[in-house]
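All of these numbers come straight from a predicted model, not from anything done at the bench. Throughout, a chain's letter reflects where its sequence line sits, starting with A, and its residues are numbered from 1.
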Amino acid sequence: MVFVEAKGDEPRKVSLELLSEALKLAGSGRFCMEAVFLGKLSGTVKEKVLNYTEKLIHVTDPVLENYTAEGYALALAGYAREAGAKLILAGATQRGRDFLPRVAVLLETGIASDVTAANWDKDPLTFVRPMYGGRVLAEVSFSASPIIVTTRPNSFAVGEPLAQKGELAEFQAGITPAQLKTTVIKTEETTLGKVDLTEADLIVAGGRGLKAAENFRLIEELAATIGATVGATRSIVDAKWRDQADQIGKSGKTVSPKFYLGAGISGAIHHIMGMDTSKVVLAVNNDPNAIIFNYANYGIVGDLFEVLPAMTEELRKRRGK
Amino acid sequence: MNVVVLVKQIPDPEALVAIGGDGVSLDIEQKFALNLFDEFAIEEALRIKAKHPGKVKVMALGSGKTIEALRTGIAMGADEAVLLEDEAFLDGDGYATALALSRAIAKEPVDIILCGRQAIDADRGEVGQMVAQLLGLPHVGGIVKLDVADGKAVAEVAVEGGKETVQVQLPAVFTAQKGLNEPRVPLITGVMKAMKVQVARVKAADLGLTADQTGRPGSKVKVVQYSLPKKKPAVQIIPGTPAEAAVEAVRILMDVERVL
């Protein structure tokens, strides 16, 4: 059973990653799979999700129109019980990480949070999760059922859509407003449409080496050229050059993109902990001894004020072709 | 208003972590600190107390150095400290830890339970929400603002791409995110008080918990083995002038790695 989350008219990428993974498992004949969506389901999201699942269960209780951890937990646990789910997968998004621990308690089981790999061939199944900021990997198994796992975005690949779309079914969990002690008063969207750092494929991040807030435009220009999301280190955020939402690292976000460029970033452990599962890392720093080079695949020892604009120009030239 | 703050003493982010010979234990350098996010939780509790008189109790589960986290809480201004200390509690997962803590919290009436968004050692980020569910309470995760009045609380959460404001009935659990406040630095008088404080000790039996409900036996999720992450190959420095290196970097990213 895969919990599917959407942002606007798009299913979250991590949800499609998990549906793709679940389809592979279903293909092996050991599991049957279904997707579960809570709350208001738009036509676009529905069509997109049905490309990746044999069955989509839409839980339609009106109280689920706004996210509350209490309501979502009751609904998902309620349906999981009804369906006899053995395995519940969800993205380790802010929401997934927020309410699935409650689902675990309701179903008297445990949870493996922020998992980066799964061993589907092992019996019992095991899951790998980074600890101590990624310095150790713990392989864990469950001694309770169902198994509940949240997975870090970009840990699995999104596969090909199904040749034949899945079916839609509705379910009422029977949750009343009186059961909830939480009410959402206001939701403000500040950066609608921007790819969140945690799900970004491409990230361009800047640190102290940029010397002044206005120089961040070098990062923004390069990011815009390749459609990347902008990130920053803690000191940049603490200096209020960038918003807290842009912070990568232990007290910010954990990211796992295909490509990460870090410019003017020394590589403090707090920052490294937030980006060390990135696939390809390019570091630009004028200090050849900067720690970030230990965590990079490629390095340019040089002045970022020259390197970044030259990269932007070359990328524009090559991508313009 | 009575506030309980759940805290954790964790290895310093720079402490060395090695895997034990058995593959299921860790050797961690003896350098510890209070979990970063817990400082925000303690600070918020003290600010609530300043407006709504009551008691701030810091509570932790652990052994050895865990008491230091409680002393930090007292030094900052908390009134009482409770330590869940028992061999039986060791090596528990999120569920076993939350079960013990929820039983200990339930011993006295409480209005607000605060904790950090996650502990940055095990990185689970599960216990606060589980405590809430075990006690049948609402929770708000990752708060950046909290206002308490008339048996209710209004909290702000920075969500992906925006901000959400929610109201909950008290008692409730809140997990603290960076941005909630600026934690105070303990005064010397607070440190003196912390050195002398009587920390109440709680054992599993005091909470009515049996051996199969605590620690590793009581865990629903168990570590099979630890391993070290694959080391990245040594960095390849791209030579040349900044302009040359930039062009070569673009070539590698587009033609060799094919990530752009």
Side-chain angles (χ1 to χ4, degrees), chain A residues 69-70 94 97-98 101-102 105-106 109-114 126 131-132 134-144 181-192 194 196 226 244 250-251 258-259 269-270 280 282 293 295-303 306-307 310-311 314-315 318, chain B residues 13-14 17 19 26 36 93-95 120-126 129-130 132-134 138-139 141-142 154 158-169 172 178-179 219-229 232 235-238 242-243 245-247 249-250 252-254 257 259-260:
Chain A
E70 288 179 291
Q94 190 173 2
R97 296 202 68 177
D98 190 49
R102 295 187 78 116
V105 170
L106 286 166
T109 186
I111 181 168
S113 297
D114 205 18
T126 65
M131 289 173 68
Y132 299 91
R135 282 175 294 163
V136 179
L137 300 174
E139 186 179 341
V140 300
S141 71
F142 282 71
S143 52
K181 295 168 194 141
T182 317
T183 24
V184 177
I185 299 177
K186 201 167 58 175
T187 310
E188 292 164 62
E189 305 246 17
T190 47
T191 50
L192 192 67
K194 214 172 79 173
D196 192 76
I226 56 174
Q244 176 68 45
K250 206 60 264 191
S251 51
K258 274 197 308 201
F259 172 59
I269 188 79
H270 279 95
V280 177
L282 168 66
F293 286 124
Y295 298 89
N297 305 76
Y298 300 98
I300 297 178
V301 179
D303 187 353
E306 293 179 58
V307 175
M311 277 189 75
E314 176 69 7
L315 281 162
R318 290 207 43 183
Chain B
E14 310 222 7
V17 179
I19 296 169
L26 294 174
L36 167 82
D93 67 348
Y95 189 98
I120 62 169
D121 53 352
D123 283 329
R124 285 193 284 239
E126 300 161 6
Q129 300 94 304
M130 286 182 153
Q133 188 65 57
L134 285 161
H139 86 266
V154 174
V159 295
E160 289 154 11
K163 198 168 69 180
E164 216 165 67
T165 311
V166 296
Q167 179 176 288
V168 287
Q169 290 167 31
K178 189 185 167 201
S219 293
K220 317 265 185 198
V221 178
K222 296 186 169 83
V223 174
V224 183
Q225 70 169 354
Y226 287 109
S227 62
L228 294 175
K232 275 205 191 268
V235 61
Q236 223 174 298
I237 296 291
I238 302 170
V247 170
V250 169
I252 291 171
L253 296 170
M254 291 183 77
E257 297 286 352
V259 289
L260 295 183

*Would you name the heavy atoms of A/I269 and B/P13 that are closest together and state the gap between them?*
CG1-O, 3.9 Å

*Could you give the distance from OH (A/Y298) to CG (B/L253), rounded to the nearest 0.5 Å?*
7.5 Å

*Looking only at heavy atoms, which two atoms of A/G134 and B/P229 are closest? And how far apart?*
O-CG, 3.2 Å

*Measure the CD-CD distance between A/E70 and B/Q133 for me, rounded to the nearest 0.5 Å.*
8.0 Å

*Which heavy atom in A/T182 sits nearest to a heavy atom in B/P138, and how many Å separate them?*
OG1-CB, 3.6 Å

*Less than 4.5 Å apart, any side-chain heavy atom of B/D123 and any of A/K250?*
yes

*Which atom pair, heavy atoms only, marks the closest approach of B/L36 to A/S251?*
CD2-CB, 3.5 Å

*asked:* If the test is side chain to side chain contact (heavy atoms under 4.5 Å, CB included), which one of B/L228, B/V17, B/L26 qualifies with A/R135?
replied: B/V17

*From A/I111 CD1 over to B/Y95 OH, what is the distance, rounded to the nearest 0.5 angstrom?*
13.0 Å

*Which pair of non-hydrogen atoms, one from A/D98 and one from B/G141, has the smallest distance, and what is that distance?*
OD1-CA, 3.5 Å

*asked:* Donor-acceptor pair, distance only, cut-off 3.5 Å: does the side chain of A/Q94 make one with the backbone of B/E160?
replied: yes

*Where does B/A158 contact chain A at under 4.5 Å (heavy atoms): side chain, backbone, both or neither?*
backbone

*Heavy-atom pairs under 4.5 Å with chain B are the metric here; pick the option from A/V184, A/L137, A/L315 that has the most.*
A/L137

*For chain B, find which of A/I226, A/T187, A/D303, A/L282 contributes the most heavy-atom pairs closer than 4.5 angstrom.*
A/T187

_Can you give me the closest heavy-atom contact between A/P101 and B/G125, atom names plus distance?_
CG-O, 4.3 Å

*Considering only heavy atoms and a distance below 4.5 Å, find which of B/I238, B/V235, B/L134, B/D93 pairs most often with chain A.*
B/V235

_Contact origin within B/A132 toward chain A - heavy atom pairs under 4.5 Å_ = both

*Side chain, backbone, both or neither: which part of B/V154 has a heavy atom under 4.5 Å from chain A?*
side chain

*B/S219 backbone acceptor or donor facing A/S143 side chain under 3.5 Å*: yes

*With respect to chain A, which residue among B/V259, B/V159, B/I252, B/D121 yields the maximal number of heavy-atom pairs within a distance under 4.5 Å?*
B/D121

*Among A/A138, A/G299, A/G302, who wins on heavy-atom pairs under 4.5 Å with chain B?*
A/G299

*How long is the span from the CD1 atom in B/I120 to the CE atom in A/M131, to the nearest 0.5 Å?*
12.5 Å

*Heavy atoms of other groups near A/Y295 OH, more than 12 under 6.0 Å*: no

_Whether the side chain of A/E139 engages the backbone of B/S227 through a donor-acceptor N/O pair (distance < 3.5 Å, no angle test) should be reported._
no

*Got more than 12 heavy atoms from elsewhere within 6.0 Å of NZ, B/K232?*
yes

*With a 4.5 angstrom heavy-atom cut-off, could you sort out which part of B/L260 is near chain A: side chain, backbone, both or neither?*
both

*Side chain / backbone / both / neither for B/K163 at chain A, heavy atoms under 4.5 Å*: both

*In Å and rounded to the nearest 0.5 Å, what is the NZ to OG1 distance from B/K222 to A/T126?*
15.0 Å

*Test item: B/Q129 side-chain N/O and A/R97 main-chain N/O as donor-acceptor pair under 3.5 Å*: yes

*B/E126, part contacting chain A, at a heavy-atom distance under 4.5 Å*: both

*How far does CD of B/Q167 sit from NZ of A/K181, to the nearest 0.5 angstrom?*
14.5 Å

